[in-house]
Amino acid sequence: NYYAILMAGGVGSRFWPASTQANPKQFQDILGSGKSLIQTTFGRLSKIIPQENIYILTNKDYTNLVKEHLPQVKEEQIVPEPAMRNTAPSILLGALKIRKKNKDALILVAPSDHWIDDDLDFSENVEAGFNAVAEDDKLITLGISPHFPNTGYGYIKYNPEEATRLSRVEDFTEKPNFKKAEEFLKSGNYLWNAGIFIWSAAFIIDSFEKYLPEMYRLFEKGDRLWNTGKEGEFLEKNYGLADNISIDYGILEKSDKVFVIPVDFKWNDLGTWGSLERELPQDELKNTVVNSRLLPLDSSGNIVSTQSGKVVVLDGIHDYIIVETSEVLLLLPKNKEQSIKELRDKVQERF
Ligand code: GDD
Ligand code: MG
């Protein structure tokens with residue numbers, strides 16, 4: 001009964017210029033491991049979930065990329081979304097299609113672009129989650145111990161004293177402001193939402209009916225059509241009408257059936273260039289090098305990524321992000337990495 005929804009429709013804009021609208025980060029080897037992030041993630045999931053039960057939800061523009069990166073996947077496992085509407089519509093669509101296949105299906109929802117250090121530990125936690133949601137109606141998320149007040153994450157309030165593997169979530173706050181994030185971090189009662197969820201197809205669909213009823217009714221009209229040749233036409237007409245909302249705001253903040261499994265494996269959502277420093281080795285001068293050969297002369301703390309394995313020579317350069325693609329060469333002080341989206345927009349306007 002194990003199924004997965006692999007979320008692969010995001011744009012990864014803070015990894016520009018490597019990640020672009022046409023070729024977003026999940027299809028790239030951001031860590032220089034020899035595999036793209038989606039390939040690594042698919043490999044991790046297929047250790048617990050039969051390959052043919054893994055559905056890849058993505059924007060229609062990326063179906064060819066998915067086929068290229070995951071040739072082992074059948075056409076019917078790739079679900080193209082006609083419009084970008086964030087994660088809630090996408091997860092509902094995936095759950096409806098899966099329920100049509102198997103009404104007792106249990107679903108793991110996973111992002112395609114994260115890094116996790118220990119696949120075995122990951123599998124054990126997912127298995128525990130599957131067991132729990134098979135017993136009764138729960139929405140489970142995996143929780144990570146926070147280590148800085150990141151405002152881009154969901155924060156999960158729980159009771160760390162509870163000795164069980166699964167804790168009831170007392171409160172879920174998606175993307176708090178900085179002040180709140182700091183308070184949450186200090187209190188010791190909060191975990192980060194890893195964005196990895198476990199639930200039964202039946203119960204997540206019920207939760208949509210309760211908390212996002214318009215979206216539920218929109219998709220319900222297509223229920224006869226799932227997994228038939230007529231589905232595409234229905235989605236073309238209706239998908240774009242769904243509210244643009246994430247599962248976190250749409251369901252997790254509202255439901256009182258959310259539970260968390262605190263996990264110990266190392267996790268990184270590879271949100272920004274700077275986040276690579278935690279997962280990749282550095283030279284003696286703390287330079288991080290991806291797909292390049294670096295000659296650092298009096299140069300430290302840089303993150304260097306080229307597309308071609310080029311030799312990069314730096315002299316007197318400190319704390320820069322240096323990224324070369326066939327189109328763009330970016331040189332940006334590390335402390336300005338939050339401005340990457342704006343830079344990308346400016347470049348797109350002008351060139
Ligand atoms: N299929 C599909 N369609 N996938 C999408 C879409 C879409 O329209 N939009 C985003 N995704 C994919 C992304 O590629 C990513 O793998 C995942 O869904 C999550 O989307 P993000 O846009 O990266 O979400 P976020 O980082 O702002 O926040 C989420 O993840 C955090 C942890 O990384 C939330 O779940 C937070 O609560 C969480 O802390
Ligand atoms: Mg993200």
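Start at 1 and go down the list; that is how both ligands and their atoms are numbered.
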In chain order, what residues pass the side chain to side chain donor-acceptor pair (under 3.5 Å) check against Arg344, with sequence neighbours excluded?
none
When you check the side-chain N and O atoms of [X] and [Y], is any donor under 3.5 Å from an acceptor?
X      : Y      : value
Glu342 : Ser339 : no
Asn86  : Tyr249 : no
Lys157 : Asn189 : no

Under 3.5 Å, N/O to N/O: give me all the pairs between ligand 1 and the protein, one per line with atom names and distance.
from: ligand 1; atom 1: 1 (N); to: Leu57; atom 2: O; distance (Å): 2.9
from: ligand 1; atom 1: 1 (N); to: Glu81; atom 2: OE2; distance (Å): 2.7
from: ligand 1; atom 1: 1 (N); to: Ser90; atom 2: OG; distance (Å): 3.3
from: ligand 1; atom 1: 3 (N); to: Glu81; atom 2: OE1; distance (Å): 2.8
from: ligand 1; atom 1: 3 (N); to: Glu81; atom 2: OE2; distance (Å): 3.4
from: ligand 1; atom 1: 4 (N); to: Gly9; atom 2: N; distance (Å): 3.0
from: ligand 1; atom 1: 8 (O); to: Asn86; atom 2: N; distance (Å): 3.2
from: ligand 1; atom 1: 8 (O); to: Asn86; atom 2: O; distance (Å): 3.3
from: ligand 1; atom 1: 14 (O); to: Gly10; atom 2: N; distance (Å): 3.0
from: ligand 1; atom 1: 16 (O); to: Met7; atom 2: O; distance (Å): 3.4
from: ligand 1; atom 1: 16 (O); to: Asp113; atom 2: OD1; distance (Å): 3.0
from: ligand 1; atom 1: 27 (O); to: Lys175; atom 2: NZ; distance (Å): 2.6
from: ligand 1; atom 1: 28 (O); to: Lys175; atom 2: NZ; distance (Å): 3.2
from: ligand 1; atom 1: 33 (O); to: Asp269; atom 2: OD2; distance (Å): 3.0
from: ligand 1; atom 1: 35 (O); to: Asn193; atom 2: ND2; distance (Å): 3.2
from: ligand 1; atom 1: 35 (O); to: Asp248; atom 2: OD1; distance (Å): 2.7
from: ligand 1; atom 1: 35 (O); to: Asp248; atom 2: OD2; distance (Å): 3.1
from: ligand 1; atom 1: 37 (O); to: Gly154; atom 2: N; distance (Å): 3.0
from: ligand 1; atom 1: 37 (O); to: Glu174; atom 2: OE1; distance (Å): 2.6
from: ligand 1; atom 1: 37 (O); to: Glu174; atom 2: OE2; distance (Å): 3.4
from: ligand 1; atom 1: 37 (O); to: Asn193; atom 2: ND2; distance (Å): 2.8
from: ligand 1; atom 1: 37 (O); to: Asp248; atom 2: OD1; distance (Å): 3.4
from: ligand 1; atom 1: 39 (O); to: Gly154; atom 2: N; distance (Å): 2.9
from: ligand 1; atom 1: 39 (O); to: Asn193; atom 2: O; distance (Å): 2.6

Side-chain ion pair, Glu231 and Lys100, N-O less than 4.0 Å
no
Any Tyr2 side-chain heavy atom under 4.5 Å of Leu108 side chain
no
